[in-house]
Amino acid sequence: MAISAAITRPSETTLPDGHLRFIVFRREGAGGASDPIDVRLIAHVSQQTTFDATGKPVVSPGDDSWVIRNISIPFRAAPLKDDPQMFEVLPRDDAPLPPGRYALILKAQAYDFTVEGAVTDKRHCLQRLAAANGVFYSECEKP
């Protein structure tokens with residue numbers, strides 16, 4: 001499972017619902033509207049498993065960290081008629097995003113936000129396993 005480095009700070013932007021529309025300003029003009037645009041899931045690490053000196057697993061609660069997952073929600077961009085340096089970013093299928101944490105990715109820059117509400121999608125929850133041969137992640141059984 002491909003993920004980012006750990007994010008240890010809470011999201012600073014909270015939106016009341018998942019009906020999203022972003023307006024983006026680019027100095028280089030609306031040509032930025034043709035760049036790839038991703039909205040990626042950010043998952044909370046709710047539990048971690050390590051091993052003690054005898055090889056026995058030690059399970060503990062997560063350390064309040066988050067990671068950007070390789071799961072993208074399709075969005076599209078369209079230039080705004082009134083300003084050539086601005087474009088609008090909308091979901092492709094007009095479906096609202098479910099509650100949880102996300103990142104709008106533009107030109108390798110992530111803009112972190114949270115959609116308010118009870119998280120029910122288990123893709124927003126991960127468990128971390130730190131083994132001798134690396135760190136591994138798996139989805140939680142329940143969100």
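Values reported hereafter were calculated over all heavy atoms of this structure, with side chains retained and with hydrogens, waters and symmetry mates removed. Since the structure is predicted, the reported quantities are computational estimates derived from the model, not experimental observations.
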>> One pair to check against side chain to side chain contact (heavy atoms under 4.5 Å, CB included): Val24 and Tyr111. What are the steps and the verdict?
In response: CA-CA 11 Å; Val24 178; Tyr111 298 92; over 6 Å; no

Minimum heavy-atom distance [X]-[Y], with the two atoms named:
X      : Y      : result
Arg101 : Arg9   : NH2-O, 3.0 Å
Arg40  : Ser72  : CD-OG, 3.0 Å
Ile37  : Phe87  : CD1-CE1, 3.8 Å
Tyr137 : Leu126 : CD2-CD1, 4.0 Å
Cys125 : Ala43  : N-CB, 4.0 Å
Val115 : Asp17  : CG1-C, 3.6 Å

>> Between Asp63 and Arg128, does any NZ, NE, NH1 or NH2 come within less than 4.0 Å of an OD or OE carboxylate oxygen?
In response: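 Yes, this pair counts.
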
> Given the rule in the side chain to side chain contact (heavy atoms under 4.5 Å, CB included) test, do Val59 and Gln47 qualify, once you have shown the distances and angles that lead to the verdict?
Replying inline: CA-CA 7 Å; Val59 178; Gln47 176 180 301; 3.5 Å; yes

Examine [X] and [Y] and state if one hydrophobic cluster contains both, with Ile, Leu, Val, Met, Phe, Trp and Tyr joined whenever side-chain heavy atoms are less than 4.5 Å apart.
X      : Y     : answer
Tyr102 : Val89 : yes
Leu104 : Leu97 : yes
Ile71  : Leu20 : yes
Ile73  : Leu90 : no
Val39  : Leu41 : yes

> Which class fits the ring pair Phe75 and Phe22: parallel under 30°, tilted 30 to 60°, perpendicular over 60°?
Replying inline: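 Tilted: the ring planes of Phe75 and Phe22 meet at 30° to 60°.
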
>> Taking CG in Asp82 as the centre, count heavy atoms belonging to other residues, nucleotides or ligands within less than 6.0 Å. Is the count above 12?
In response: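 Counting neighbours around CG of Asp82, 12 or fewer heavy atoms of other residues, nucleotides or ligands fall under 6.0 Å, so no.
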
>> For a side chain to side chain contact (heavy atoms under 4.5 Å, CB included) check, start with the C-alpha distance between His124 and His44, then their side-chain angles and the critical distance, and finish with the verdict.
In response: CA-CA 6 Å; His124 284 279; His44 182 248; over 6 Å; no

